[in-house]
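Just so it is clear, the model here is predicted, and its values are computed rather than measured. Chain letters run A, B, ... following the sequence lines, proteins first, then strands; residues in each count from 1.
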Amino acid sequence: MSENLVIVESPAKAKTIEKFLGKGYTVKSSFGHIRDLSKKKLGIDIENGFEPDYEISADKKKVVSELKALARKASTVWLASDEDREGEAISWHLFQTLGLSAGNTKRIAFHEITKHAILEAIDNPREIDMNLVNAQQARRVLDRLVGFELSPVLWKKVAPKLSAGRVQSVALKLIVEREREILDFKTEPYFKASGVFHPVKEKASVKLNASSEGRFPDEVSAVSFLEKCKDAHFSLEGCDTREMEKSPAPPFTTSLLQQEASRKLGFSVSQTMMIAQRLYESGLITYMRTDSTNLSSLAINTIKELIVSSWGAEYSRPRQFKTKSLGAQEAHEAIRPTYVANTTIEGTAQEKKLYELIWKRAVASQMSNARVEKTTLTIGAPEIEEKFTSSGEQILFPGFLKVYLESTDDDNAAQDENQILPAMNIGDSLNAVKIAVAQKYTQKPQRYSEASLVKKMEELGIGRPSTYAPTITTITQRGYIKRESRPALQRDIVVFSLKAGNISREESKENYGAEKNKLFPQDIGMLVTDYLENNFKDILDYGFTASVEEDFDKVACGKLVWNKMIAAFYKGFHKEVENSITETERAHSERVLGTDPASGKPIIARLGKFGPLVQKGANDDSEKQFASLASGQLIGSITLEEALKLFELPRNLGEYNEVKVSVSNGRFGPYIKYGSSFVSVPKGMSPYTITLQQAVEAIENHKTREERKHIKEFPEIGVEILDGRFGPYIKYSGAAIDGKDYAAGNYKIEKGTDASAMSLEDCKRIISSSTPSGKSGFRAAKAAKAAKSSGTGKTRK
DNA sequence: CAGTGAGCGAGCTTCCGCTTGACTT
């Protein structure tokens, strides 16, 4: 029997701490919160001072009973959850639920996971801070009230199963507002000059690229500028050299890690968290859900030793970074390698990459500043007003740049000209080898990526490290937003060039508007945002969270009583809820686009039962027609022309082998229907213009691909061997094999096996000795269970 | 997976934060 029971939040942490404490101490984990408000009911007694009604969460019953048993036997229980609002509440819930007594319970907090810090914590116990606990209760109750009163309003006024909340609704609003900015943006063409110059006294090969700030509104002014350049005498008018220092970025917080892993490694926000979780559980990195940039003194020292021994003392500059994000609670360290001596690790390719990123960032943060010399040359001529500038950077001392360079969201800024500039004096003559004035377009605002949305949320203090990824998942699952990529479009540009005294005009194309994994609002998301904005303006305000956080802070330091604060908020809020239920109309999104020139009927875009549609004919027209909007089209921006096109589908193309061929747009894009089989319209072709011949070609291609895909089959055991995207695999129907049933799904075939030579016995062996691979097996099993419990086999995503 | 788009209205949906494990005949 152990005399001391220590309870922390995370099992990985428990394992480490147990090692440090040794005999006489049992260290267990609560796995986060153990109690919460009821899952189904409001769980708040509004009449009675907003008294919360807590329940032990279903998935925590086992942990609670285990902890209860251990606590009964222990002489002292040490509550060691994190030292922030949520952590304090966890300790209090444990105290209450486990039936602990004040006499043998001690509250402690570890500031770092080292033997010294842990022993120090044990030496300095305190009591549970009820003010901090109450601040958490206020936070919890407010979020529940907002979420559980707002969502039902949406069910009534918009559509069932929708949701709203303090965090998700504001995250959604950011995306919707950005889309509106993009829709409202007027792209304007302009002309911008750039030149290649040759310093007269240098060798002919020495060239200088320079650009001009001057913009010209149209072709006429662009050409007249080049006319003036023809006889201009260029010389160096300015030379500005300045030495600057660049300092390293802080070590990672959750949000910074998500941003950099997205930019540098292309990981999604939730992917980053899953990989980081594995690194944490293997003991390779510190905790990955943190808002702090602090490093422990031990970490700072060991990193310093590593830097000095690897690159020399001049590369070391130990420092602590100030956490500047709004509402940071700083219960953990920054994310860093646990043992910085591990420069590489064992693991998957993704784990290695993420670890390397974390390692470099942490090490670089403790290195000296880089010193760079930035030179800007100004080139001008008495004949013209516009100046050309050329800049170059020279690294005098690399410092942290030896290890890590932070990236930016703006790709254009990254290609800062890094040319080597020739030594020149003011007044030196230059020849213009070539001057070009190229057409450019003003740039629309950028859509959010998952990572840039997290960055923005953190700036506003909305959400926490543990909720950034789940929030994006929620608003995606509600159908409010969609993560999508879009191919580049093409537009015309004109370039005028002055070369050897001649001005030429050239027309060409440029790609623009490509989007990779960006967040696009959907019609339902825009409708919900508009409805909430119109009726609950204060909740949707970007400053709402920050202002309630101020109140929570006052509760935390005892200056405000938590349920009084909630009462004050609820009074106004609940009135708005009641008002919106009784006073407002059902939200609708109808937009009349114009009239159909053929029939004279109105064309209306609106949200239907199954999503956005266009309608030909008024609502009371008994012969009205419908067509779904294509992916990427919005009710708010679709034009009459685009809408009329939608009615052209499905198109009948004729017959092939006496079977009907038609094209249409489906949920998964344009498709060709051939009898009862379906083939995707080939990339680059449109369902509006594809010919019968092209469609037949696609059908035949599809057929041969399908045939090639089929390697072998053993129908007696329900097995097909197919050639998939990742090579051959076994597709198994779940039919009995030798009297035994196995899980249906796809089974992996070991790499290097000749699939066409596989025997019946081989397949039996694989199915009986392994489980279906990937998510399909898991999902299939889950879906089967859901179907069974609900009584219907059909589920809609 | 490749359509659908009425109306009535059972009974249900929903929040934010803290933490992992995870299914079947």
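Taking every side-chain heavy atom of Glu281(A) into account, dG21(B) is the closest of dC15(B), dG21(B), dG3(B). Comparing atom distances between the Tyr671(A) side chain and each of dC15(B), dA2(B), dG21(B) picks out dA2(B) as nearest. Of the candidates dT14(B), dT13(B), dA2(B), dT13(B) carries the atom nearest the Lys40(A) side chain, counting heavy atoms from C-beta on.
Comment: Asp596(A) does not engage Lys601(A) in a salt bridge, judged by the lack of any side-chain N to carboxylate O separation of less than 4.0 angstrom. Using a 4.0 Å cut-off between charged nitrogen and carboxylate oxygen, Asp82(A) and Lys13(A) count as a salt-bridge pair. Look at Arg107(A) and Asp129(A) and you find no salt bridge, because none of the NZ, NE, NH1 or NH2 atoms lies under 4.0 Å from a carboxylate O. Classification of Arg85(A) and Glu549(A) as a salt-bridged pair holds, one side-chain N sitting under 4.0 Å from a carboxylate O.
Judged purely by distance below 3.5 Å, without hydrogens or angles, the side chains of Gln168(A) and Arg478(A) never pair a donor atom with an acceptor atom.
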Using a cut-off of under 3.5 Å, enumerate the N/O to N/O pairs linking the protein to nucleotides 17-19 of chain B.
| from | atom 1 | to | atom 2 | distance (Å) |
| --- | --- | --- | --- | --- |
| dG17(B) | OP1 | Arg166(A) | NH2 | 2.8 |
| dG17(B) | OP2 | Thr467(A) | OG1 | 2.9 |
| dG17(B) | O4' | Arg139(A) | NH2 | 3.2 |
| dC18(B) | OP2 | Ser466(A) | OG | 2.8 |
| dC18(B) | O3' | Glu9(A) | OE1 | 3.2 |
| dC18(B) | O2 | His33(A) | N | 2.6 |
| dT19(B) | OP1 | Tyr287(A) | OH | 2.4 |
| dT19(B) | OP2 | Tyr287(A) | OH | 2.8 |
| dT19(B) | OP2 | Arg289(A) | NE | 2.9 |
| dT19(B) | O5' | Tyr287(A) | OH | 3.0 |
| dT19(B) | O4' | Gly32(A) | N | 3.4 |

Under 3.5 Å, N/O pairs linking protein and nucleotides 5-7 of chain B:
| from | atom 1 | to | atom 2 | distance (Å) |
| --- | --- | --- | --- | --- |
| dG5(B) | O6 | Ser628(A) | OG | 3.0 |
| dG5(B) | N2 | Phe610(A) | N | 3.0 |
| dG5(B) | N2 | Gly611(A) | N | 3.4 |
| dG5(B) | N2 | Gly611(A) | O | 3.3 |

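Taking the ring centre of Trp562(A) as origin, the terminal cationic atom of Arg139(A) falls outside the region bounded by 6.0 Å and 45° from the ring axis.
On the C1' atoms, dG9(B) is 15 Å away from dT13(B), given to the nearest whole Å.
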